[in-house]
Structures are given as structure tokens and as C-alpha cells.
There are 2 protein chains.
Amino acid sequence: MASIKDVAQRAGVSVATVSRVLNASPSVTERTRARVQAVMDELGYRPNAVARSLRTDATNTIGLIIGDILNPFFTELARAVDDEARAAGYSVLIGNADERPEQQDHYVGTLLEQRVDGLLLCPTAEITPLVEDAVRGSRPLVFLDRTLAGLDVPSVRADGSAAIRDLVRHLRALGHRRIAFISGPALLSTGRERTAAFVSALTECGLPVRPEYVEAGDFQAASGRSITARLLDLPEPPEVIFTGDNLMALGALDEIRARGLRVPADVALASYDDVPWFTHLDPPMTAISQPVQELGRLAVRALVDRIGDRPVRSVVLPARLVVRRSCGETGETGESERSGPE
Amino acid sequence: MASIKDVAQRAGVSVATVSRVLNASPSVTERTRARVQAVMDELGYRPNAVARSLRTDATNTIGLIIGDILNPFFTELARAVDDEARAAGYSVLIGNADERPEQQDHYVGTLLEQRVDGLLLCPTAEITPLVEDAVRGSRPLVFLDRTLAGLDVPSVRADGSAAIRDLVRHLRALGHRRIAFISGPALLSTGRERTAAFVSALTECGLPVRPEYVEAGDFQAASGRSITARLLDLPEPPEVIFTGDNLMALGALDEIRARGLRVPADVALASYDDVPWFTHLDPPMTAISQPVQELGRLAVRALVDRIGDRPVRSVVLPARLVVRRSCGETGETGESERSGPE
DNA sequence: AGGCCTTGTGTAATCGATTACACTCCCGAA
DNA sequence: TTCGGGAGTGTAATCGATTACACAAGGCCT
């Protein structure tokens, strides 16, 4: 591939001048600029970003490590991050942790070696040595969707406590009392927070907290299915199953369908995370929707600020309840979506 | 961040020796190796991949440009590519073309500048200058899922002709005669091929080809919806709507639901692409399933072969029909999935 | 003992860009 | 005419790794 030297030689100038043309430096005659540009076009020259980065110590690239690329929540998040980053002049390198700490670390390592200018991380478990390295090595880092306690790292995430309270009230209003929650892993901040919010919402609504109705899955469909099976086999099965993410809802639905049960007549269903196809289920799924676009946008802004050494504060946005019909009919017109009881 | 010099100095050796330790060269005493390694750990040293790549002219990185990151088909594909690439020692940089040629070009450009060792491209439209550059510049390139005629570039893709024929036969057996197809853009090989296969399948089954029943969408949900609306407004609307990808199926479903029609009693529905949640629709969606994992795997192998200057041939895998219930009940037990009529 | 090979390590060139500094014109003011 | 200064360009150091080549030390042969 043609290098800056080839261009310089062919245009009869020095590499410095070519570099100046590349960087639109004002101190180049229009005549020279045009000649160099012509040679570039002729040779199909593209500057070597590797060499440039080595010199400038900036790759104009940020890393994004998501929990699971098959989870539409993360996919939408990646999309939002990508759009915002590109607008800010950065390219995004996506790593898929597949909810496995060692794979997360693999990507943290690779991306650090690639010298990304900053890292957006949806941490998959507890603090790992590599993540500490990243913090120590003072690479700008921002947590997204999930946090890790004990590290001085800003985070951008959504809080679903209010929405979960709205959901429990909604269920209560529909006459449900036995509500089960398939939570996420206690190792994840999102798992813990949602469980805590659920338990306190129950209490607040005067409902008993039954330990056998709360179990942690791993945010993947299979665990949603097996836990649902256990719940339905209980001597007194729950009237409602609320899942901690959209994949586990899918698993729950699998099990319910396999048993020939109907939603919501036999068992009601609700899910954390709202994804496009929830609307098309029968019945459409009541869900808690996170402001995914905003999360992505703000995370990139925060990271770019850190890269530019500007001060950054953590951000928490509210999630909101979207009532559909999977928990039973309200008195209203069924089709229209609306936010939860205010 | 610590560099190789810092390590060398602190360990009292030359940079060459440190480099040898990094590359597990055999000509280093165990004693020296251990000492250097200790210093590396102590400093939290990570080799600078940028510098290394500059010298070795290999980034151990491949680029993958997909059509649309919100489309689960591409998401699964990305997952498969990522897994296989990592197994082969490569990292994957994902670019989202969002089905827009200019954004595709943006990523082709960026990835070429980053000097990826090879490029996997799901081309979004016709040949663009940048893609030609890539071919000219002799960067290894492999087309995935879609091809571009007129370029000497190997491709890995699935052919759905047989599956589409199976589908039309299946529909015919269920008594349907008026079948509409919402195709993909004629600019894409996948769009053209599926349309051609559909038309010839109709003919083969002795069904008339009605021009007003075939229209190209853009592989996104909104177009599926608007074309469905047009089809249903026809004086003689089709009995079946077959969509060229899963997103347009979603759009079609939206429109059908909005009109209060039932599937398959009022209008039957089938889709190209099979995605996890098709099972959970009511009724479960009859679809044509592509061997996504295999496509991803083989594409990476082909690319790695090209990078290693080994000869590569294009691959075409068959897609297959998965009959569910969205086109009507067959005489069989409804729940079990099976391949099309043999 | 002298020559030769092997083994372990160091020296320095190199990859392709950026950029501080130096240099050469050329113009205008004194 | 001379001098100062700005505009345009070139020279060379630099970023952090890899690697060809050189070299020193030690072992073994004759």
C-alpha cells in the first residue's frame, strides 16, 4: 500500500508537506496542495492510522464492551453508542463479553493494547484485575448500564425502582397478589438493584415477600425457562412472573407455552427491558422500558469529556413502565400503550 | 503508560530482550525471562499493539461490516464471526452500515485506515469506489450474505431458492393461491435472488405471477408495514404475505394487527430469516431459516485463508423451510417444527 | 592452546506518520 | 542597499515495537 513517502516522492515534495496537506495545515500553497491531492487520488492513498496513532498517541477510537450481543437491549445500546461516537469523531470497537468475566477481560485487554482512547464497559461481574489495571493505567473508563462498587469510575445507567413500584401497584390493582421475580445475578448491580426494588415494592403495597418467589437467573433465556418451570411446579404457583430482562422473559414464555398455559389467564407475565417484538406477542408484553438511546448518548458524552480531561459526573436516568396486556386487562382500551399509574 | 523501554531499563536488559520475552523467543535464559516478566507484572505493562502493528504490518484484526445492527439476522452473524475469529486469533471490528451505502463506505474507509488484516463485507448496495479501492489495494476481502457482481471477490452466502419453492408448495397444499412477496431492494443480491426464486416457484406450481403482488421494500420494518397496507387495500388482496426478511415481517404484522385481522384466518404470513422470537408469536411464524452459524464460520475461514494467501472458493449453503402455523394448519400435530415437504 | 560453534544478549535500522526547528525566498520599510 | 520578517518548505527526531546483525563468553574439538 502506498505510504506518505511514495506520495511525497511522486509529488516532488517532502513528507512534511504531504503531512500538512493531510492535516489541512494553512501553511501550504493552494498550488502545492492541489498537486499533492492529485497524487493521493491517483495512488488511492489512505493514511496509515496505525502510524499516526503511534505518533500522536490518539486512536480516535473508543471501546465498548457489552454483556451479550444476542440481547437486543445491548444491541440497541451499541447502536446508540455508535451513532453518538461517530458524531463526535470516534470509531467504536465492540467487544462481546457474552456475560463471561474471562471473555470480558479478554476484550478489556485487547482494547487496551489497541490503545483505544477510552473504554465503555458494561461490567459482567465483580472487579477483575484487568479492570483495575485499566483504572490504574488511567485510561478513561465509564461504566454503562451496570456499575461496580469500590471504584472511582463514573457510570451511566437507568434506575428502575420507581417503574418496578408502578408495576407492582399495577398488578395489585388487577387483583394479583402472588408475584414472582426472576432476578439477574447478584454479582451484577442491575441484578441486585432490581431485586431490592421488587422486594421493597411488595412491602410497600402490603404484599408478603415469599423467598420461593424470588430466584436469580443469569440473564439468559435458558435460566428463565428453568426457573419458570420450578415456579409453576410450586404447590402454590405465582399468579404473575416478572423477569429481570427480556431474554429470561422469552425463556419463561417458552415454558408457559410448552405447558399449554395461557397468558394472562393462567399466569401473567411482565419483563424488565422493552424490545420491539414485545408488541407483537400475544398478548403484547407489559414491560419496563429503559431510555436506551439516552444511555448510549450520555455515556459517550461522559467518556469524551473524560478523554478531554473535563470533569464528569455519574448519571442515573429513570426507567418507565409500559402497560400492555400480558398481566390482564385494565378497564381501558386495550391497545394503546401508556405509562404506569402516576 | 509503561513502554518496552521502561521495562528494559528496570530489568537491566535491552529492549530486544524484552521483545524476545514478549514473543516467547526460545533464545532467552529462563532466569532473564523470569526477571523481565516480573518487571512487566510490576509495571502492569501491556505491549502497544499500535507500535507492533506498524512494524509487523499485521494487526491481527479483521473488519466486519454488517447491513443493520438492529436486525437479529446480522446480530447472530456477528456473533458467529466473532467466535470463529477469536478462535483463529483475530479480533473483530464491527461496523454498522445501517443499510446506507455512504455509511458502509465510511466504515470501509476507517477499517482500511486502521489496517485490518482482512475485511468481511455484507455489501449494502452497488459497487462503490471505496470497495473498488479495497479490492485494488489487495486487502483480503470476502463478501458475506450478499455479493456484488463484476468483482473478483469470494463470497459466502445462503441460497434460498429451494426453500422458497418448498414454501410455495406448502402454501399451495394449504389451498392458498394468491401469494404476495415483499422483496428486498433490487440493488442487493439477496433482494434480487429471492424475488427471482419466488417468481419461478410460482410458475413451477402453476400459479399466476401478478405484478401487483410483488414489491420491493428496504429490509426495514417500516417498509414492510406500508407495503402490507397497500397489499391489503387491493381490490383482491393476497391470501398470504411472504416477506423478504424478518424486520419487514414485523412491519407486516404491525399493519395486520392494526387492522384487527387474524393470522392466518384473514391473511397468512411467512418470512425469510428465522429469528428466536418467531416461535413466540401467535401463531408461531413459518419461516425460511439460514445457516447463520455456518455462514459466519465459513466466512472467517475463507478470509483467514485469503490473508494467508491460500486459495479460496465461494461458498453457497442451502436455506431451509421451517413450517409453523402462521400460514394455516397442516394435518399434522401443530407444535412440532419440521423442515419443508420433501 | 588455538580455532570454531553455540548460546545469550545488545546495537541500531525500520515501519509511517507528526512536528519542532531551520532554512530559503521574497517583499517592504528604512 | 540593507535588514527584518513572514510565508512556504525541508530536515530530522520521535513514537514503541521487531529483527537482522554483531559480539562476547564459554564449551568442545584437535
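In the text below, chain A, chain B and the rest are named by the order of the sequence lines, each starting its count at 1.
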Using only atom types and a distance under 3.5 Å, with no angle test, would you say the side chain of B:Thr110 pairs donor to acceptor with the backbone of B:His106? yes
To the nearest angstrom, the CG-P distance between B:Leu22 and D:dT19 comes to 12 Å
If I take atom CE in residue A:Met1 and atom C1' in nucleotide C:dC15, what distance separates them, rounded to the nearest angstrom? 15 Å
What are the two closest non-hydrogen atoms of A:Gln104 and A:Val131, and how far apart are they? NE2-CG2, 3.7 Å
Give the rounded distance in Å between these two atoms: CZ of B:Arg33 and P of C:dT9. 12 Å
C:dA17 phosphate, OP1 or OP2: any side-chain N/O from A:Lys5 under 4.0 angstrom? no
A:Thr56 side chain N/O closer than 4.0 Å to the phosphate oxygens (OP1, OP2) of D:dC15? no
Name the nucleic acid region contacted by B:Ser53, choosing base, sugar-phosphate or nothing; use a 4.0 angstrom heavy-atom cut-off, strictly under. nothing
Check the phosphate of D:dT14 against A:Arg55, side-chain N and O only, distance under 4.0 Å to OP1 or OP2. Yes or no? no
Can you see if the side chain of A:Ser14 gets near the phosphate of D:dT9 - specifically, an N or O under 4.0 Å from OP1 or OP2? no
Residue whose closest nucleotide on DNA chain D lies nearer the 5' end, B:Leu54 versus B:Ala16: B:Leu54
With a 4.0 Å cut-off on heavy atoms, is B:Val18 in touch with a base, just the backbone sugar-phosphate, or nothing at all? nothing
Lys/Arg-Asp/Glu bridge criterion (N-O < 4.0 Å) met for A:Glu76, A:Arg79: no
Establish, with yes or no, whether the OP1 or OP2 oxygen of C:dT18 is under 4.0 angstrom from a side-chain nitrogen or oxygen of A:Asn23. yes
How many Å lie between CD1 on B:Ile4 and P on D:dT19, as a whole number? 11 Å
On DNA chain C, more 5' by nearest nucleotide between A:Ala49 and B:Thr32 is B:Thr32
Separation of D:dG16 atom C1' from A:Glu113 atom CD, nearest Å, is 13 Å
Tell me the interatomic distance from A:Asp57, atom CG, to C:dT19, atom P, rounded to whole angstroms. 12 Å
Expressed in angstrom and rounded to an integer, what is the separation of B:Arg31 atom CZ from C:dT7 atom C1'? 16 Å
Under a 4.0 Å N-O cut-off, is there an ion pair linking B:Asp305 with B:Arg301? no
What nucleotide, of C:dG10, D:dT9, C:dA17, holds the atom closest to the side chain of A:Pro47? C:dA17
Categorize B:Ser27 for me: base, sugar-phosphate, or nothing, with a 4.0 angstrom heavy-atom threshold over every strand shown. base
D:dA17 OP1/OP2 closer than 4.0 Å to side-chain N/O of B:Ser19: no
Rounded to whole angstrom units, what separation is found between the CD atom of A:Gln9 and the C1' atom of D:dG10? 15 Å
Side-chain N,O (A:Thr17) to OP1/OP2 (D:dG10) below 4.0 Å: yes
I want to verify a distance call: between D:dT9, C:dA17, D:dG16, whose nearest atom is closest to the A:Asn48 side chain? C:dA17
B:Phe143 vs B:Leu151 side-chain heavy atoms within contact, under 4.5 Å: yes
Of the options D:dA20, D:dG16, D:dT18, whose atoms approach the side-chain atoms of B:Ser3 most closely? D:dG16
Can you find an N or O donor on one side and an acceptor on the other, under 3.5 Å apart, linking the side chain of B:Arg20 with the base of C:dG10? yes
Return the minimal non-hydrogen interatomic distance between B:Leu70 and B:Asp68, and the atom names on each side. N-OD1, 2.9 Å
Contact class for A:Val50 vs. all strands (heavy atom < 4.0 Å): base, sugar-phosphate, or nothing? nothing
How do A:Val15 and B:Arg52 order along DNA chain D: which one's closest nucleotide is nearer the 5' end? A:Val15
